[in-house]
Amino acid sequence: MIKKCIVVLTFVLLARPGLCQNSGKAFPAQNPVPKQVQETNQEQDYFKLDYFRQVAGVALEYTPMSLKLFDFINDWIGKPYKWGGVSKKGIDCSAFVRELYSNVMNQYLPRNSRQQYGYINPIKKEDLRVGDLVFFKIKTRDISHVGVYLGDNKFVQSSRQGVNVASLDHPYWKKYYYKAGRL
């Protein structure tokens with residue numbers, strides 16, 4: 001627990017734009033942001049993505065969407081799982097995916113994983129891209145779990161271990177993987 005707190009604290013201090021490099025105050029609209037500040041923020045963004053690559057094993061490309069996705073995941077990682085839950089006090093897989101899509105991609109998804117599957121265009125596993133949905137049938141004939149693909153065969157999910165990054169190569173997820181899809 002202490003190790004996790006130190007890692008999270010280190011990350012917050014080093015990776016959040018504005019905490020270490022500047023005051024975090026917005027510049028007035030009439031004055032352009034100085035080039036040095038722009039470069040510092042870009043360096044911090046690269047650092048955040050590199051940190052995510054090291055910790056989660058996922059190499060996200062430097063795009064505004066990947067930064068938004070990283071910030072969202074960082075904010076939720078470790079939050080507890082609760083079947084039917086919809087908040088940081090406890091959230092299930094489909095509510096987490098719905099929240100991610102709403103906040104990161106500005107797209108609507110229905111509340112449960114079976115309904116979410118109805119919204120996607122199925123794709124082959126080898127065609128997965130960041131942001132695609134991955135579906136699982138766990139000990140049932142129906143879709144019972146969903147996550148969001150991050151790249152490098154990893155996906156983010158809410159499971160019994162809470163919000164976490166998992167690998168599609170793990171024997172458990174290989175066994176229950178069903179299909180993937182894109183909106």
Side-chain angles (χ1 to χ4, degrees), residues 1-26 37-38 40-113 116 128-136 145-168 170 173 182-183:
M1 181 68 174
I2 292 173
K3 186 176 180 181
K4 182 178 180 183
C5 291
I6 291 171
V7 169
V8 170
L9 180 58
T10 302
F11 170 72
V12 168
L13 291 174
L14 295 176
R16 293 285 181 168
L19 282 179
C20 298
Q21 299 289 333
N22 60 38
S23 67
K25 295 179 183 175
V37 172
Q38 289 175 346
T40 300
N41 288 339
Q42 189 174 26
E43 287 173 13
Q44 289 173 346
D45 291 342
Y46 279 118
F47 177 78
K48 287 190 326 187
L49 293 179
D50 187 54
Y51 178 84
F52 192 65
R53 180 189 56 75
Q54 292 174 33
V55 171
V58 178
L60 293 175
E61 291 183 34
Y62 181 78
T63 66
M65 195 276 289
S66 65
L67 292 169
K68 200 171 178 182
L69 178 62
F70 170 83
D71 285 337
F72 182 86
I73 293 169
N74 182 55
D75 196 36
W76 279 87
I77 205 87
K79 299 298 185 257
Y81 174 84
K82 181 179 180 187
W83 189 83
V86 294
S87 74
K88 289 185 179 173
K89 291 182 180 179
I91 193 161
D92 67 19
C93 64
S94 57
F96 174 73
V97 167
R98 179 181 179 173
E99 190 76 15
L100 185 150
Y101 259 73
S102 174
N103 286 282
V104 175
M105 300 170 191
N106 298 319
Q107 293 184 336
Y108 169 81
L109 278 175
R111 174 63 182 87
N112 73 50
S113 56
Q116 291 172 353
L128 279 165
R129 295 191 313 224
V130 174
D132 289 340
L133 300 180
V134 288
F135 294 91
F136 303 86
H145 189 67
V146 63
V148 177
Y149 188 72
L150 298 174
D152 298 329
N153 244 14
K154 304 279 176 75
F155 66 103
V156 64
Q157 63 172 342
S158 180
S159 68
R160 290 185 181 168
Q161 291 76 37
V163 176
N164 65 83
V165 175
S167 174
L168 291 171
H170 187 282
W173 297 114
R182 184 174 297 142
L183 291 182

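Below, each value reflects all heavy atoms present in this structure, side chains not excepted, and no hydrogens, waters or symmetry copies. Bear in mind the structure is a predicted one, so any value in this text is a computation, not a measurement.
No donor-acceptor pair under 3.5 Å is formed between the side chain of Ser167 and the backbone N or O of Lys154. No side-chain donor-acceptor contact under 3.5 Å links Asp71 to the backbone of Lys68. Looking at Asp92, its side chain does come within 3.5 Å of a backbone N or O of Gly84 through a donor-acceptor pair.
Among all heavy-atom pairs drawn from Lys89 and Pro80, the shortest one is O-CG, 3.2 Å. Here the closest heavy-atom approach between residue Cys93 and residue Ser158 is recorded as CB-O, 3.4 Å. Residue Ala95 comes nearest to Gly85 through the heavy atom pair CB-O, 3.3 Å, listed as atom of the first residue, atom of the second, then distance.
Interatomic distance, OG of Ser94 versus CG of Leu133, reported as 11.0 Å (0.5 Å rounding). The distance from atom CG of Leu183 to atom CG of Asp132, rounded to the nearest 0.5 Å, is 8.5 Å. In this structure, Phe72 CZ and Ile77 CD1 are separated by 10.5 Å, a value rounded to the nearest 0.5 Å.
Under the ring pair (Phe, Tyr, Trp, His ring centres under 6.0 Å) criterion, Tyr149 pairs with no residue, sequence neighbours left out. In terms of the side-chain contact (heavy atoms from CB on, under 4.5 Å) criterion, residue partners of Lys88 (sequence neighbours excluded) are, by chain and number, Asp75, Trp76, Lys79.
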Could you go through Val146 and Val134, starting from their C-alpha distance and side-chain angles, then the distance that decides it, and tell me whether this counts as side chain to side chain contact (heavy atoms under 4.5 Å, CB included)? CA-CA 6 Å; Val146 63; Val134 288; 6.0 Å; no
CA sep, side-chain torsions, deciding dist, call: Asn164, Gln157, side chain to side chain contact (heavy atoms under 4.5 Å, CB included): CA-CA 6 Å; Asn164 65 83; Gln157 63 172 342; 3.1 Å; yes
Donor-acceptor pairs are to be reported for all side-chain atoms of residues 97-108 against protein atoms at under 3.5 Å, with residues two or more places apart or in another chain.
| unit_1 | atom_1 | unit_2 | atom_2 | d |
| --- | --- | --- | --- | --- |
| Arg98 | NE | Leu109 | O | 3.3 |
| Glu99 | OE2 | Asn103 | ND2 | 3.0 |
| Tyr101 | OH | Gly131 | O | 2.1 |
| Asn103 | ND2 | Glu99 | O | 2.9 |

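Val86 places a side-chain heavy atom less than 4.5 Å from the side chain of Arg111. No side-chain heavy atom of Tyr81 sits under 4.5 Å from any side-chain heavy atom of Val163. In this structure the side chain of Val165 reaches within 4.5 angstrom of the side chain of Leu150, judged on heavy atoms.
Ring planes of Trp173 and Phe155: perpendicular class, angle over 60° (limits at 30 and 60°).
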